[in-house]
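Everything below concerns the one structure shown next.
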There are 2 protein chains.
Amino acid sequence: MSAPVPRRPRRHDPGRRERLVEAALGVIAERGVAGTTHREIARAADVPLGSMTYHFASLDEVLAEAFTRHADAVARVFEERLSAARDPEEAAEAVVTLVSDDLLGSPRGLVLTVELYVAAARDPALRAVTQGWMARSRRALERHFDATTARELDALIEGLVLHSALSTDPMSPAQLRHAVHRFLR
Amino acid sequence: MSAPVPRRPRRHDPGRRERLVEAALGVIAERGVAGTTHREIARAADVPLGSMTYHFASLDEVLAEAFTRHADAVARVFEERLSAARDPEEAAEAVVTLVSDDLLGSPRGLVLTVELYVAAARDPALRAVTQGWMARSRRALERHFDATTARELDALIEGLVLHSALSTDPMSPAQLRHAVHRFLR
DNA sequence: CGGCGATATGTACGCTTGTACGTATGACGC
DNA sequence: GCGTCATACGTACAAGCGTACATATCGCCG
């Protein structure tokens with residue numbers, strides 16, 4: 001009785017490329033860019049190694065697409081929250097929700113963002129991604145605030161998120177609200 | 001006539017361990033943690049590969065010491081600038097100088113900091129480093145501001161630095177001053 | 001329904017990595 | 001002076017990497 005070798009039955013998997021990009025994001029969040037390899041992504045998506053080289057020209061290409069997807073997702077939430085606000089007061093509250101719920105809600109997005117920053121420091125293509133993302137955030141804020149305020153507020157958001165993430169005791173929503181209102185007062 | 005093989009004459013190099021840690025920081029800044037290897041550090045410090053395994057138990061140990069050194073250096077400057085200020089007005093100006101000159105002055109320190117953040121996300125030992133650093137910064141700010149203000153201001157500084165670093169057009173000292181004073185007003 | 005081109009798969013190769021370890025050497029205490 | 005031991009050095013090795021490529025498979029169009 002030979003061992004029942006589990007031959008891989010998988011075939012005809014449309015959208016596999018997208019699933020691979022998604023799997024790559026998961027691996028980056030869990031192991032970091034440093035621990036993100038063709039083999040690790042393939043394992044996460046349950047596809048053979050060869051599938052990676054078929055769908056992507058290089059590992060850098062996978063990373064670029066994954067980070068682009070991440071930035072786009074975060075920017076979209078940012079825009080939705082802010083476009084739902086009807087006045088500066090609601091906009092301020094939207095920012096608080098954004099930080100405490102969306103950005104600090106799960107460690108995953110946070111880790112991905114910092115990983116992107118590091119990667120962007122050395123890859124011009126990724127720097128374009130971060131810059132486009134920053135521009136979208138600022139534009140969303142400018143629906144409610146003047147350009148200078150928008151830029152400064154965007155920086156404050158960044159700082160609040162990062163600081164809370166690194167801290168042993170993250171700032172509570174009330175503390176975040178206090179900081180935002182103090183700045184906008 | 002045999003080729004004059006350049007035998008390595010180096011011997012008896014007290015303080016080599018420290019030089020290696022310093023060299024590691026240079027490599028991290030230039031190639032990132034991902035590109036930081038025993039061989040790369042050894043090359044940067046002009047020592048043989050074997051010297052690495054003699055002085056350090058593992059590569060992680062080198063990274064930990066290097067990042068600790070970096071955090072300490074930045075925190076020290078932070079403390080010096082703020083302890084030199086005599087009143088909140090001077091303290092505010094010290095913060096502006098800190099951000100525009102010390103933190104944004106050279107890309108090196110900035111890259112090292114973000115690399116540290118990423119590494120700390122996965123290494124508890126490094127998280128202790130970032131937390132100790134943050135505590136020192138806050139304590140320095142508390143010489144001039146109440147605890148809440150200190151914490152919020154610290155976050156704002158973080159955001160201003162990161163945002164300027166990622167942006168195509170970094171904020172000018174005047175713009176930074178505007179943001180700081182607006183928050184403290 | 002037949003074949004062909006896009007997609008999927010397994011494997012091999014050359015390279016770099018972290019680390020271990022045997023040997024060499026010279027500074028320093030006696 | 002001399003022996004000893006911390007320090008320094010060169011090299012070897014197994015593991016894991018990105019990537020290339022020959023082969024297999026099957027949806028789709030004629």
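Here the structure is a predicted model, which is why all the values come from computation and not from measurement. Heavy-atom basis, side chains included; hydrogens, waters and symmetry copies ignored. Chain letters run A, B, ... following the sequence lines, proteins first and then strands; every chain starts at 1.
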>> Tell me whether the count of non-hydrogen atoms from other residues, nucleotides or ligands lying under 6.0 Å of CD in A:E18 goes above 12.
In response: no
For [X] and [N], is the shortest distance between a side-chain N/O and OP1 or OP2 below 4.0 Å?
X     : N     : value
B:R17 : D:dA6 : no
A:Y54 : C:dT7 : yes
A:H12 : C:dA6 : no

> In residues 114-129 of chain A, which residues come under 4.0 Å of DNA chain D by heavy atom?
Replying inline: none
>> Whether the A:E152 and B:H178 side chains hold a donor-acceptor pair (N or O, under 3.5 Å, no angle test) is what I'd like checked.
In response: yes
>> For the residue pair B:R16 / B:S51, report whether a side-chain donor-acceptor contact shorter than 3.5 Å exists.
In response: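 Side-chain D/A pair, B:S51 to B:R16: present.
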>> I'd like to know whether A:E93 forms a side chain to side chain donor-acceptor pair (under 3.5 Å) with A:H181, so could you lay out the CA-CA distance, the side-chain angles of the two residues, the decisive distance to 0.1 Å, and finally the verdict.
In response: CA-CA 9 Å; A:E93 194 53 30; A:H181 279 95; 5.1 Å; no
> Is B:L63 close to B:L126 at the side-chain level, that is, under 4.5 Å between some pair of heavy atoms?
Replying inline: no
> What one-letter contact string describes nucleotides 14-20 of chain D from 5' to 3', where B marks a base within less than 4.0 Å of any protein heavy atom, S marks contact via sugar-phosphate atoms alone, and - marks no contact?
Replying inline: ---BBBB
Would you mind reading off the distance between [X] atom [atom1] and [N] atom [atom2], rounded to a whole angstrom?
X     : N      : atom1 : atom2 : answer
B:F56 : D:dT7  : CZ    : C1'   : 14 Å
B:I41 : C:dT19 : CD1   : C1'   : 14 Å
A:D13 : C:dT7  : CG    : P     : 12 Å
B:D46 : D:dA8  : CG    : P     : 14 Å

>> For a side chain to side chain donor-acceptor pair (under 3.5 Å) check, start with the C-alpha distance between B:R182 and A:T149, then their side-chain angles and the critical distance, and finish with the verdict.
In response: CA-CA 10 Å; B:R182 170 173 188 167; A:T149 302; 2.9 Å; yes
>> Working to the nearest 0.5 angstrom, can you tell me the gap between A:L156 CG and B:I157 CD1?
In response: 11.5 Å
> Can you pull the ring pair (Phe, Tyr, Trp, His ring centres under 6.0 Å) pairs that have at least one residue in residues 100-141 of chain A, sequence neighbours excluded?
Replying inline: A:H70-A:W133
